[in-house]
S.K.: 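Take this structure first; my questions come after.
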Amino acid sequence: MKVVILAGGRGTRISEESNSRPKPMIDIGGMPIMWHIMKEYSWYGFNEFVICAGYKQQFIKDWFGDYFRRVSDVTFDYTHGKNEVTVHEAHVEPWKVTIVDTGLDTMTGGRLKRVQKYIGNETFLLTYGDAVCDVNIADTVRFHQEHGRIATLTAVLQDQSKGVLDIGEDNTVKAFREKNITDQVPINAGYMVFEPQIFDYLGGDNTVLEQEPLQKLAEEGELMSYQHRGFWQCMDNLRERELLEKRIRLHKAPWIKWDY
């Protein structure tokens, strides 16, 4: 099952860092936050990724292009007048990563539509490239498969301004609306699961996934929520980045299940 990561936005709310690189490539704990997200999915056995790039997309391509040597032990031997490279130990994950330039100003739904050909006619996962979570991804997939609807998103209770959900007793999402700063209700945390029928709800580059497509799915009873009561944190600003950095330094980062 492929994992789609939305990583094409400009990250204007953390412009101190995103002026030089895409927000998903901003480091926490010495590695980009998107790497952390990919490690989360990989922990549950999901190792094929489609990255929806846009703003400074070459930075993402260059980073992954050098990743093999970045995480391996390497000898550079110039003694014979050549650049001979020997990799002694490779510590890379078993990932297959497709990076797609989905446009500079394309909206989230438009970005997803642009990578349809890389996903095919199969169930897939999708999340944002700027938030980490300790949700059990395998459980979200099982939940999605059991209810048989087109879409599942992960809902968390947060005092933040994100997309607001009205959830019924059977976990059906009754409505999906834009956020309000005073809301203290379940929000869309990403970590979504979609059937390929989602592409029928997407238009062109101006389509915002969180608006008409998800709203229409909610109206049709095709949008379900997996309710997560654990940790979730986005990185919209420097304060939130430092919060994540501090958790890593103190070994209190709930999303990190691997050794570090």
Side-chain angles (χ1 to χ4, degrees), residues 1-9 11 22-26 28 31-54 60 64 93 95-100 102 106-116 118-119 122-144 150-156 158 160 162-163 165 173 176 186-196 198-199 202 208-210 213-214 217 223-228 230-236 240 244 253-257:
M1 194 177 294
K2 297 181 179 71
V3 181
V4 179
I5 302 178
L6 294 170
K23 184 165 71 164
M25 301 306 292
I26 296 173
I28 56 171
M31 296 295 278
I33 189 171
M34 186 163 64
W35 177 89
H36 286 258
I37 295 166
M38 294 168 71
K39 290 283 284 188
E40 294 175 47
Y41 280 96
S42 189
W43 177 263
Y44 291 98
F46 302 105
N47 291 304
E48 188 167 354
F49 300 91
V50 178
I51 298 176
C52 299
I60 301 175
F64 279 99
E93 295 80 358
W95 292 348
K96 180 179 179 181
V97 184
T98 300
I99 302 167
V100 184
T102 57
T106 309
M107 298 292 102
T108 50
R111 293 191 190 281
L112 179 56
K113 185 72 171 179
R114 284 205 189 191
V115 301
Q116 181 177 0
Y118 297 102
I119 298 169
E122 61 182 59
T123 307
F124 66 96
L125 308 169
L126 181 142
T127 197
Y128 304 105
D130 61 356
V132 288
C133 185
D134 66 349
V135 64
N136 187 313
I137 297 171
D139 282 351
T140 66
V141 173
R142 280 191 288 269
F143 174 78
H144 176 82
I150 293 176
T152 298
L153 52 78
T154 297
V156 296
Q158 291 278 316
Q160 298 194 38
K162 305 296 176 186
L165 312 176
V173 178
F176 188 101
I187 64 169
N188 174 22
Y191 294 84
M192 296 172 262
V193 190
F194 287 114
E195 294 301 314
I198 182 61
F199 292 108
L202 303 177
V208 179
L209 175 66
E210 300 79 5
L214 290 189
L217 285 169
L223 178 60
M224 299 290 285
S225 67
Y226 178 87
Q227 298 195 41
H228 174 58
F231 178 86
W232 175 86
Q233 180 62 57
C234 63
M235 188 183 68
D236 276 345
E240 291 172 342
L244 293 171
W255 72 92
I256 297 181
K257 299 176 174 67

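In this text, all values refer to a predicted model and were calculated from it rather than measured experimentally.
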S.K.: Do Thr140 side-chain atoms and Ile137 backbone N/O form a donor-acceptor pair below 3.5 Å?
M.R.: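 Such a contact is found between Thr140 side chain and Ile137 backbone.
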
S.K.: When rounded to the nearest 0.5 angstrom, what is the spacing between CE in Met235 and NE2 in His36?
M.R.: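 It is 9.5 Å, given to the nearest 0.5 Å.
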
S.K.: Given side chains that start at C-beta, do those of Gln116 and Leu202 come closer than 4.5 Å, heavy atoms only?
M.R.: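 Side chain of Gln116 against side chain of Leu202, heavy atoms only: no contact under 4.5 Å found.
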
S.K.: Taking the side chain as every heavy atom from C-beta outward, state whether Glu93 and Trp43 have any pair of such atoms under 4.5 Å apart.
M.R.: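 When only atoms from C-beta onward are counted, Trp43 and Glu93 do not touch, as no gap falls below 4.5 Å.
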
S.K.: How long is the gap from CD1 on Ile26 to CE on Met34, to the nearest 0.5 Å?
M.R.: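 Between Ile26 CD1 and Met34 CE, I get 11.5 Å after rounding to 0.5 Å.
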
S.K.: Evaluate side-chain contact (heavy atoms from CB on, under 4.5 Å) for Tyr41 paired with Tyr191, printing each intermediate quantity in order.
M.R.: CA-CA 10 Å; Tyr41 280 96; Tyr191 294 84; 3.3 Å; yes

S.K.: State, with a plain yes or no, whether a side-chain heavy atom of Glu195 is found less than 4.5 Å away from one of His144.
M.R.: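 Yes, at least one pair of side-chain atoms sits under 4.5 Å.
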
S.K.: Measure from the side-chain N and O atoms of Lys113 to the backbone N and O of Phe199, and report whether any donor-acceptor pair falls under 3.5 Å.
M.R.: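 Pair found, side chain donor or acceptor close to backbone of Phe199.
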
S.K.: Under 4.5 Å between any side-chain heavy atoms of Val4 and Cys52, yes or no?
M.R.: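 SC-SC contact between Val4 and Cys52 confirmed.
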
S.K.: Quick one about Thr102 and Arg114 (side-chain donor to acceptor, distance below 3.5 Å, no hydrogens or angles considered), yes or no?
M.R.: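 Short answer, no.
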
S.K.: Residues two or more places apart in sequence or in another chain: which of them pass side-chain hydrogen bond (donor to acceptor under 3.5 Å, both in side chains) with Thr127?
M.R.: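 Testing Thr127 for side-chain hydrogen bond (donor to acceptor under 3.5 Å, both in side chains), a comparison that skips the adjacent residues, returns none.
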
S.K.: Tell me, do Asn188 and Tyr128 make a side-chain contact under 4.5 Å, heavy atoms counted?
M.R.: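 Yes, their side chains come closer than 4.5 Å.
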
S.K.: Just verifying a value: how many Å separate Leu112 CG and Thr106 OG1, rounded to the nearest 0.5 Å?
M.R.: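 That separation rounds to 12.0 Å.
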
S.K.: In Å, rounded to the nearest 0.5 Å, how long is the span from CD1 of Ile60 to CD1 of Ile99?
M.R.: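 With rounding to 0.5 Å, CD1 (Ile60) is 6.5 Å from CD1 (Ile99).
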
S.K.: Any non-hydrogen side-chain atom of Gln227 less than 4.5 Å from a side-chain atom of Phe143?
M.R.: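 Gln227 vs Phe143: side chains apart.
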
S.K.: For a side chain to side chain contact (heavy atoms under 4.5 Å, CB included) with Leu126, tell me which candidate from Leu209, Val3, Ile5, Val193 qualifies.
M.R.: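 It is Leu209, the one option of Leu209, Val3, Ile5, Val193 that forms the side chain to side chain contact (heavy atoms under 4.5 Å, CB included) with Leu126.
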
S.K.: I want to check something: taking the side chain as every heavy atom from C-beta on, are Phe46 and Val141 in contact at a cut-off of under 4.5 Å?
M.R.: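 With C-beta onward as the side chain, the pair touches.
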
S.K.: Yes or no on side-chain contact (heavy atoms from CB on, under 4.5 Å) for Val135 and Val156, after CA distance, side-chain angles and deciding distance?
M.R.: CA-CA 10 Å; Val135 64; Val156 296; over 6 Å; no

S.K.: Below 4.0 angstrom, N of the basic side chain to O of the carboxylate: do Lys23 and Asp236 qualify?
M.R.: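 A salt bridge links Lys23 with Asp236.
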
S.K.: His228 vs Asp134, test: side-chain contact (heavy atoms from CB on, under 4.5 Å). Steps then yes/no.
M.R.: CA-CA 9 Å; His228 174 58; Asp134 66 349; 2.7 Å; yes

S.K.: What's the separation between atom CD in Gln233 and atom CG in Asp130, rounded to the nearest 0.5 Å?
M.R.: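 With rounding to 0.5 Å, CD (Gln233) is 10.5 Å from CG (Asp130).
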
S.K.: Do the two ring centres, one from Tyr118 and one from Phe124, sit under 6.0 Å apart?
M.R.: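 Ring centres of Phe124 and Tyr118 not closer than 6.0 Å.
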
S.K.: In terms of relative ring orientation, are Phe231 and Trp255 parallel, tilted or perpendicular, with 30° and 60° separating the classes?
M.R.: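 Phe231 vs Trp255 ring planes: parallel.
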
S.K.: Any chance you could measure Met192, atom CE, to Leu223, atom CG, to the nearest 0.5 Å?
M.R.: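 Output value for this atom pair is 9.5 Å.
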
S.K.: As a quick check of understanding, evaluate side-chain contact (heavy atoms from CB on, under 4.5 Å) for Asn136 and Tyr44, giving each step before the final call.
M.R.: CA-CA 8 Å; Asn136 187 313; Tyr44 291 98; 3.4 Å; yes

S.K.: Could you tell me if the side chain of Val97 sits less than 4.5 Å from the side chain of Met38, heavy atoms only?
M.R.: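 In contact.
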
